[in-house]
Amino acid sequence: MPSRIATAVATCALSLGVLASGAGTAIAASSPAAGPAAGATSPRPAIDARAAAVDGCSYQVVRTDDSRYVHSVSGIFAGGVRELPVQKEDFVRFSDGWRVVTQVDACAGGRTQAPTALRVTGKLDNPDGYDSSVPRTIRSADVKPAASSVIPKAPAVTSVDRLDAGTVRVNWKPAQGSPDLVALMETKPFYSSEIGIWHPYTFQRDVPGGATSADRKLERHPDIPASARAHSYWMRVVKGGFVSDLRAEKPVTIEP
C-alpha cells in the first residue's frame with residue numbers, strides 16, 4: 001500500500017478508534033519542546049520518556065510521539081551507546097492521552113550486559129519537506145529503567161462464546177493488582193471512508209472495574225475481503241504509567 005494511503009488509513013482509523021473507545025480526549029502528539037524559560041540553563045528534552053525492565057533482556061519505553069520523526073531506542077552501556085532492536089511497539093491510551101509503548105531487546109546478538117540508562121532519539125522523516133528551523137534530531141533525557149515489578153500483568157482471555165450470528169461474548173480472568181486501567185483489545189474489520197476500503201484495525205476498549213466479560217458485535221459486511229474478516233480479542237492493563245508485557249499478548253481469533 002502506498003505510504004500516503006497507509007497514512008490516511010492510520011489517521012482516520014485512529015481518530016475514530018478514540019471515539020469508539022469512549023476516551024473523550026484527543027490524541028496526544030507532542031511537538032518538539034519550545035525554548036527554555038527565562039533563567040533556565042538548558043532546554044527541556046523534546047521527547048518525554050520513561051522506562052522499565054520487563055525481564056532480564058526486554059525493556060519497555062513509554063514515550064510521547066511526534067509523527068514527523070522516526071524514533072529509535074538506544075541503551076547506554078559501560079562501553080558506549082547501542083541502538084536496541086524493537087520487539088513490539090504500539091500506541092496505548094493512558095488516562096492523560098496517547099503514548100507510544102516500545103519494547104526493546106538489550107540481549108540481541110548474545111549480549112548480556114544490562115543498560116544503565118535508555119534514550120529515545122527521533123530523526124526527522126522528511127527533512128526536505130520542513131523549514132530549516134525544525135530540528136532534524138530530537139531526544140529524550142537518559143532514563144534509568146525502573147524495576148520489572150512496575151510492569152503490570154494482564155488477565156488472560158478464557159473464551160469467546162457465540163451468542164448469535166452477529167454477537168460474541170468475550171470472557172477473561174479477573175485483573176490482579178488493582179491496575180489503573182483494564183482494556184479489552186479488539187482487532188476487527190474497519191471501513192475507511194476516506195479511501196473506500198475495509199482493513200483490520202485494533203481498538204482499545206476500557207472495561208469497568210471488576211468486569212470479566214463483554215459482548216461484542218461482529219462485522220459481517222459482504223464487501224469485507226477475506227484477509228480482513230477475522231476478529232481477535234486480548235486483554236491489556238495499565239498501571240503506574242506502564243503497560244503489561246506486549247509480547248505476552250495472545251489474541252483469541254474467530255471468524256464471523
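These values consider heavy atoms only, across backbone and side chains, with no hydrogens, waters or symmetry-generated copies. All of these numbers come straight from a predicted model, not from anything done at the bench.
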Nearest-0.5 Å distance that lies between atom OG in Ser244 and atom CE in Met235: 9.0 Å
Could you tell me whether the side chain of Phe91 reaches within less than 4.5 Å of the side chain of Asp65, counting heavy atoms only? yes
Any side-chain heavy atom of Asp90 within less than 4.5 Å of one from Arg236? yes
d(Asp180 CG, Ser178 OG) to nearest 0.5 Å is 9.0 Å
Apply the test side-chain hydrogen bond (donor to acceptor under 3.5 Å, both in side chains) to residues Thr102 and Glu89: give CA-CA distance (whole Å), side-chain angles for both, the deciding distance (0.1 Å), then the verdict. CA-CA 4 Å; Thr102 305; Glu89 184 173 271; 2.6 Å; yes
Flag the pair Tyr69 / Ile138 as yes when at least one side-chain heavy-atom distance between them is below 4.5 Å, and no otherwise. yes
Looking at CZ of Arg229 and CD of Glu219, how far apart are the two atoms once the value is rounded to the nearest 0.5 Å? 13.0 Å
Hydrophobic clustering (ILVMFWY, side-chain heavy atoms < 4.5 Å, transitive) - are Val73 and Ile76 grouped together? no
So, do Tyr59 and Pro115 sit near enough that their side-chain heavy atoms are less than 4.5 Å apart? yes
Cation-pi check, Arg169 to Tyr233: give yes when NZ or CZ is under 6.0 Å from the six-membered ring centre and within 45° of the ring axis, no otherwise. no
Is there side-chain contact between Phe203 and Thr187, with at least one heavy-atom pair below 4.5 Å? no
Could you tell me whether the side chain of Leu124 reaches within less than 4.5 Å of the side chain of Tyr130, counting heavy atoms only? yes
Applying the side chain to side chain contact (heavy atoms under 4.5 Å, CB included) criterion to Val207, which one of Leu181, Val182, Val170 satisfies it? Val182
Student check: side-chain heavy atoms of Val101 and Leu246 closer than 4.5 Å: yes
Could you check whether Lys188 makes a cation-pi contact with Tyr201, meaning its NZ or CZ is under 6.0 Å from the centre of the six-membered ring and within 45° of the ring axis? no
Tyr191 and His221: aromatic ring centres closer than 6.0 Å? no
